[in-house]
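Inspection log for the structure reproduced underneath, given as structure tokens.
Remember, it's 1-based here, ligands and their atoms both numbered in the order they're listed. When a residue number appears, it is its place in the shown sequence, counting from 1. The figures here come from the full heavy-atom set of this structure, side chains too, leaving out hydrogens, waters and symmetry mates.
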Amino acid sequence: MSLPVLELVDTVHSGNGWKVRLLCGYLGRSVRRRSLSIVDGDLETEDFRRINPWGQVPVLRTAEGRWLAESGAILWYLAQGTAFLPAERLAQAQLVQWLSFEQTQHMVNLAQPRLWVHLRQTMQPDDPRVLAWRHHGEQALAHMERHLQSNRFFVGDGPSIADVALFPYTCMAAQGGYELQPYPQVRGWLARMQALPGYVPLL
Ligand SMILES: N[C@@H](CCC(=O)N[C@@H](CS)C(=O)NCC(=O)O)C(=O)O
């Protein structure tokens, strides 16, 4: 039985949108993509606010016809019944642990310097806000490095949605002024993720 085609609303630069396309690539799941533009105000329109009142991408139209926001929730939805969402109780709790880490310690500190210095070019690299993000982002990368010293992936023995969630902004860290040279385990893990069948690059 063929699976229904899902619809993803994203933007071309969005690392959060990339997470969803990446998982779909690994799962061989087709998704119809509609890319909006933040600078053209597409996320401010009434139409978009109807599908996500919070005004952010990514948003996925599920098989049930409902709009689902938040990248972690979308990954969880898509990965059910696959190896990317292990069924064991502890593994699932560890997934939540890494998804929470990604949202609170990792994504914000890696994405914000990329957004304001590299993409929008409205902040200088030595702006105190950029330096603060970088300080906390280095701590997040060091935490990942320590975990990967004795683990090939973040949860269990194979790739899961924890890896998918952590991949895009780590992969694009240089655009936020980060240097990955001091993190050899993180670089090895990035290469393992890129070598998996179905890998898709950022648009
Ligand atoms: N917690 C959300 C964050 C989503 C997010 O920050 N999306 C950005 C693009 S990567 C966005 O829509 N920014 C526009 C805005 O916040 O106004 C997730 O993980 O999906």
For Trp67 and Asn52, test the side chains for any donor-to-acceptor distance below 3.5 angstrom and give the result as yes or no. no
Which part of His13 is near ligand 1, with near meaning a heavy atom under 4.0 Å away: side chain, backbone, both or neither? neither
Among all the protein's non-hydrogen atoms, which is closest to atom 19 (O) of ligand 1, and how far away is it? Ser71 OG, 2.6 Å
Under 4.0 Å to a heavy atom of Tyr169 - the qualifying atoms of ligand 1, by number: 10 (S)
Kindly say whether the aromatic ring centers of His147 and Trp98 come within a distance under 6.0 Å. yes
Nearest protein heavy atom to atom 7 (N) of ligand 1, by residue and atom, and its distance? Val57 O, 2.8 Å
Give the single entry among Ala69, Ser14, Ala111 that approaches atom 9 (C) of ligand 1 most closely by any heavy atom. Ser14
In terms of atom number and element, which parts of ligand 1 are under 4.0 angstrom from non-hydrogen atoms of Pro58? 20 (O)
Where is the nearest protein heavy atom to atom 16 (O) of ligand 1: which residue, which atom, and how far? Gln56 NE2, 3.0 Å
SB check Arg49 Glu44 (cutoff 4.0 Å): yes
Considering only the protein, which heavy-atom contact is closest to atom 2 (C) of ligand 1, and what is its distance? Glu70 OE1, 3.2 Å
Do Trp116 and Gln112 pair up side chain to side chain, a donor and an acceptor below 3.5 Å, judged on atom types alone? yes
Heavy-atom distances under 4.0 Å decide this one: backbone, side chain, both or neither, for Ile38 against ligand 1? side chain
Under-4.0 Å heavy-atom contact with ligand 1, by part of Phe48 that carries it: neither
When Tyr77 is tested against each of Glu64, Arg66, Glu70 for side chain to side chain donor-acceptor pair (under 3.5 Å), which residue passes? Glu64
Would you please classify the geometry between the Tyr26 ring and the Phe84 ring as parallel, tilted or perpendicular, with 30° and 60° separating the classes? parallel
Would the distance check show the side chain of Ser14 and the main-chain N or O of Asp10 forming a donor-acceptor pair, the cut-off being under 3.5 Å? no
Please identify which atoms of ligand 1 are closer than 4.0 Å to at least one heavy atom of Leu43. 12 (O), 14 (C)
Selection residues 132-160 - residue pairs positive for salt bridge (charged side-chain N to carboxylate O under 4.0 Å, His left out), sequence neighbours left out: none
For atom 17 (O) of ligand 1, find the nearest protein heavy atom and state the residue, atom name and distance (0.1 Å precision). Gly55 O, 4.1 Å
